[in-house]
K.L.:
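The structure follows.
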Amino acid sequence: MTTSARLRQWGRALAYLVVEGVAGVASMVLLVVGLVLTPFLLLGPGWLVAPAAVRVLRGWTTLARRRTGRFTGEPVGERYPPIPAAPTFEDLRRLVTAPSTLRDAGWVGVHALVAPVAALLAVALPAGALNSLLIPAYWQAMPADEPVSNLYPVTSWWGAAAMPLIGIGYAVLALWLVPAMARGMCAVTRRLLAPTRESQLAQRVSALTASRAAALDAHAAELRRIERDLHDGAQNKLVGVVMMLGIAERSLTTNPEQALPQLRRAQDAATDALAGLRTLVHDIYPPILDELGLDGALSALAGRCPVPCTLDVDGLRRAPAAVESAAYFVAAEGLTNVAKHSGAGRVTLTATTDVGPSGEVLRIVVADDGRGGATARAGGGLAGIRRRAEAFEGNVELVSPDGGPTTLRVELPCGS
């Protein structure tokens, strides 16, 4: 490594320690406030502010993870358990005593004590080195009864002559100690804020339990939809066909001339029922996915969309069949919502495969220039999209301010 690169690295370490020192003072304030509020949190009414306190704690430690990640180039991840919207006392107790909450609180205490000291030392060493180098130039200007003091009082040229050597010692110590302290601060942050293996396994079990429940809900909802479509669609049409055939049969014995038109109507009704059954089978698993792949299926969706649609599938790679099927229905439901409710003049459908920390992620984005104000309601299309995504431990993000535009972003892990 060149000298200039080492100096740049040292400068980054110094800046990191200074920022951490300022943040350490804030952690000290947060620690004092937390210690003062803890007795009230243990009382009944104090539990009402526990969710807000945990949110503040999580936000503060998330900033620390980001600072450390920027300095080291390695992200410090954490997946927090969700905070219930209407928590019970038992929910609040689990929230406060969760391993992640205890880790965050422990980090605040350590950070409040260590970071300001490390920052002061990191600033004092270079300042001491600079001061020692300048002492020979100004020691005579100081009053005789208040001489310059460094490691010793400087009262003569012999004492001043040794100051540059002491300054070089300070500089060497600073060059070694500042990066070492920065690495130590990063190690402390990673050790205290990175999730343990046990907590990762517990969170994974919780996520799998939630995704299993979501998958069961999605499966039950799909069965209800299929049953409803069969009952209200194909079944009614087939009943109509049977009735028409019965009427045609009676007409053959009483008025044969009317039998032929009735048979033709029965044939048309049977054709409609067959088309409905084909549509139902197509909705269970679109054959176009097998024939053309997800990019071809999305291209067909974009071509059939009533709103002018721009398709972007650059970077899309093949995924497991279940994930591609879910992505297809997400895109279909998103475009249907745009056509029905948005009043948009244009929509963009984007499908990409990105590589994240946990593997490949299939991302579907539906963006329109409509009126906005879209919300998820029970039984609606957006709720169905969320249910499908949760079955794969995916994420759904909807941004739809009043006046638009609306952006629906769905991420589906390909390893689920």
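Both backbone and side-chain heavy atoms feed into the values below; hydrogens, waters and symmetry mates do not.
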K.L.:
Are side-chain heavy atoms of Leu301 and Tyr328 found at a separation under 4.5 Å?
P.N.:
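They are in contact (side-chain heavy atoms under 4.5 Å apart), so the answer is yes.
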
K.L.:
What's the verdict on side-chain hydrogen bond (donor to acceptor under 3.5 Å, both in side chains) for Arg190 and Thr68, showing C-alpha distance, side-chain angles and the deciding distance?
P.N.:
CA-CA 8 Å; Arg190 297 185 69 87; Thr68 300; over 6 Å; no

K.L.:
Rounded to the nearest 0.5 Å, what separation is found between the CG atom of Leu193 and the CZ atom of Arg191?
P.N.:
11.0 Å

K.L.:
Which pair of non-hydrogen atoms, one from Leu17 and one from Ala119, has the smallest distance, and what is that distance?
P.N.:
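Minimum heavy-atom contact is O-CB, 3.3 Å.
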
K.L.:
Check the pair Val307, Asp368 against side-chain contact (heavy atoms from CB on, under 4.5 Å), reporting the backbone distance first and the verdict last.
P.N.:
CA-CA 9 Å; Val307 180; Asp368 67 73; over 6 Å; no

K.L.:
Given 3.5 Å as the limit, does a donor-acceptor pair link the side chain of Thr61 with the main chain of Asp104, or not?
P.N.:
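It does not hold such a pair.
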
K.L.:
Could you go step by step and tell me if Val361 and Asn395 meet the side-chain contact (heavy atoms from CB on, under 4.5 Å) rule?
P.N.:
CA-CA 10 Å; Val361 176; Asn395 297 318; over 6 Å; no

K.L.:
Verify, without hydrogens or angle tests, whether Glu324 (side chain) and Ala319 (backbone) share a donor-acceptor contact under 3.5 angstrom.
P.N.:
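Yes, Glu324 side chain to Ala319 backbone: donor-acceptor pair under 3.5 Å.
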
K.L.:
Counting only N and O atoms by type, is there a donor-acceptor contact under 3.5 Å from the side chain of Asp369 to the main-chain atoms of Arg346?
P.N.:
yes

K.L.:
Could you tell me the separation between the OG atom of Ser27 and the CD atom of Glu20, rounded to the nearest 0.5 Å?
P.N.:
8.0 Å

K.L.:
Rounded to the nearest 0.5 Å, how far does CG of Asp312 lie from OG1 of Thr348?
P.N.:
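The distance works out to 8.5 Å.
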
K.L.:
Can you name the nearest heavy-atom pair linking Cys309 to Leu349, along with the distance?
P.N.:
SG-CB, 4.0 Å

K.L.:
Within a strict 4.5 Å, meaning less than it, do heavy atoms of the Thr350 and Thr310 side chains meet?
P.N.:
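Thr350 vs Thr310: side chains apart.
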
K.L.:
Might you point out which heavy atoms bring Leu192 and Gly106 nearest each other, and give the distance in Å?
P.N.:
CD1-O, 4.4 Å

K.L.:
How many angstroms lie between CG in Leu121 and CG in Leu173, if you round to the nearest 0.5 Å?
P.N.:
7.5 Å

K.L.:
Over all heavy atoms of both residues, which pair between Leu311 and Ala302 is shortest? Give the atoms and the distance, please.
P.N.:
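Minimum heavy-atom contact is CB-CB, 4.2 Å.
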
K.L.:
Is the side chain of Arg67 donor-acceptor paired with the backbone N or O of Tyr16 at a distance under 3.5 Å, no angle test?
P.N.:
no

K.L.:
Can you tell me how far apart CG (Leu408) and CD (Glu397) are? Round to the nearest 0.5 Å.
P.N.:
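The CD atom of Glu397 is 9.5 Å from CG of Leu408, to the nearest 0.5 Å.
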
K.L.:
Side chains of Val410 and Leu412: closer than 4.5 Å at any heavy-atom pair?
P.N.:
yes

K.L.:
Do Asp314 and Thr352 come within less than 4.5 Å of each other through their side chains, counting heavy atoms only?
P.N.:
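Contact flag for Asp314/Thr352 side chains = no.
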
K.L.:
Would a distance-only check, ignoring hydrogens and angles, find a side-chain to backbone donor-acceptor pair under 3.5 Å from Ser299 to Asp295?
P.N.:
no

K.L.:
Tell me whether Ser400 contacts the main-chain N or O of Gly373 through its side chain, where contact means a donor paired with an acceptor under 3.5 Å.
P.N.:
yes

K.L.:
Ignoring hydrogens, what is the shortest heavy-atom contact between Ala129 and Gly167? Give both atom names and the distance.
P.N.:
CB-O, 3.4 Å

K.L.:
Minimum heavy-atom separation for Leu298 and Ala351, please, with both atom names.
P.N.:
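Looking at all heavy atoms of both residues, the closest pair is CD1-CB, 3.6 Å.
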
K.L.:
Would you say Val188 and Met185 make side-chain contact, with heavy atoms under 4.5 Å?
P.N.:
no

K.L.:
Give, for atom CZ of Arg183 and atom CE of Met181, the distance between the pair rounded to the nearest 0.5 Å.
P.N.:
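Answer rounded to 0.5 Å: 11.0 Å.
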
K.L.:
With side chains defined as the heavy atoms from C-beta onward, is the minimum distance between Arg409 and Val365 less than 4.5 Å?
P.N.:
yes

K.L.:
Do Leu294 and Leu362 come close enough that some side-chain heavy atom pair is under 4.5 Å?
P.N.:
yes

K.L.:
Please tell me if the side chains of Leu398 and Thr406 come closer than 4.5 Å, counting only heavy atoms from C-beta onward.
P.N.:
yes

